Amino acid sequence: MNSSGSGDFKELQATATATMKKGPWTAEEDKVLMDYVKKNGPRDWSSIQSNGFLPRTGKSCRLRWVNKLRPNLKSGCKFTLEEERTVIDMQARFGNKWARIATFLEGRTDNDVKNFWSTRQKRLAKLLQTPLPVRSPRKHRKETVCSQVPDSEDVLLQNLNSPSIEFIQFTKCYVNGKELDYI
DNA sequence: AAGTGATTCAACCGCCTGCGC
DNA sequence: AGCGCAGGCGGTTGAATCACT
């Protein structure tokens with residue numbers, strides 16, 4: 001038994017944390033959050049929870065706003081060649097400072113940049129691991145492309161100094177714009 | 001058409017930092 | 001000066017989606 005006031009408070013806090021909702025956001029929740037930000041601005045995130053607007057932590061609210069609800073976001077939009085160049089350049093300059101890198105990209109979040117980078121890293125690792133693979137491209141993915149974007153894997157590869165990488169880069173075979181194989 | 005593996009991305013976790021008391 | 005809290009950030013995970021066989 002804890003008879004101290006501070007103990008009670010901690011218990012309450014623990015209970016509140018335990019009842020916090022997690023997982024995907026609903027349209028309803030998004031609306032509540034949007035309304036809150038409209039009225040109060042994007043700040044005091046923890047008061048969203050403490051005032052009973054949403055059963056979400058302040059952190060969760062902030063993340064949702066920053067990554068999905070903020071105006072002018074290019075969500076669902078493939079990175080353009082220019083954006084990819086910027087990410088590669090900035091990553092070389094600053095390291096994995098995604099939030100910082102994201103400030104150079106209009107409408108992109110640190111999460112976008114982070115996801116983009118890790119996807120590229122995986123793909124690159126696979127490329128290097130598997131010399132001269134027969135690789136069928138993924139066509140027609142549900143990308144909502146902002147502008148005509150070529151496969152810019154080359155851009156990433158250009159930033160590495162391995163001769164084998166250059167070899168891979170220049171031995172892609174395209175027929176009618178479709179990447180078929182490595183020669 | 002169904003099964004399987006690859007890929008994407010939303011969201012969580014844990015650590016760090018800054019600020020107020 | 002030290003403590004506690006909130007916010008920010010990077011790393012990671014897992015569900016959803018997609019392409020291929």
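A, B, ... follow the sequence lines: proteins, then strands. Residue 1 opens every chain. None of these values were measured; they are calculated from a predicted model.
Between A:R56 and the phosphate of B:dC12, there is a side-chain N or O to OP1/OP2 separation shorter than 4.0 Å. For the OP1/OP2 pair of B:dC13 and a distance below 4.0 Å, the side-chain nitrogens and oxygens of A:K22 include at least one atom meeting the criterion. In this structure, A:T119 reaches the B:dT8 phosphate: one of its side-chain N or O atoms is under 4.0 Å from OP1 or OP2.
One can place NZ of A:K122 at 9 Å from C1' of C:dT13, the figure rounded to the nearest angstrom. Remark: C1' of B:dC9 and CZ of A:R120 are 15 Å apart, rounded to the nearest angstrom. Following rounding to the nearest Å, A:W65 (CH2) and B:dA11 (C1') show an atom-to-atom distance of 18 Å. Separating the CZ atom of A:R123 from the C1' atom of B:dT7 is a distance of 9 Å, rounded to the nearest angstrom.
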Where protein sits on nucleotides 7-12 of chain C, one letter per nucleotide: B base, S sugar-phosphate only, - none, heavy atoms under 4.0 Å: BBSBB-

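The pair A:E83-A:K74 counts as a salt bridge, with a side-chain nitrogen and a carboxylate oxygen less than 4.0 angstrom apart.
Of the residues A:K68, A:K22, A:R64, A:K21, the one that meets the salt bridge (charged side-chain N to carboxylate O under 4.0 Å, His left out) test with A:E29 is A:K21.
Aromatic ring pairs are classed by plane angle as parallel below 30°, tilted from 30° to 60° and perpendicular above 60°; the pair A:W98 and A:W117 is tilted.
A:N96 and A:Q91 share a side-chain donor-acceptor pair at under 3.5 Å.
Under the rule for a side chain to side chain donor-acceptor pair (under 3.5 Å), the partners of A:R93 that lie at least two apart in sequence or sit in another chain are A:D89.
Residue pairs meeting the side-chain hydrogen bond (donor to acceptor under 3.5 Å, both in side chains) criterion with at least one partner in residues 38-48 of chain A, sequence neighbours excluded, are A:Y36-A:S47.
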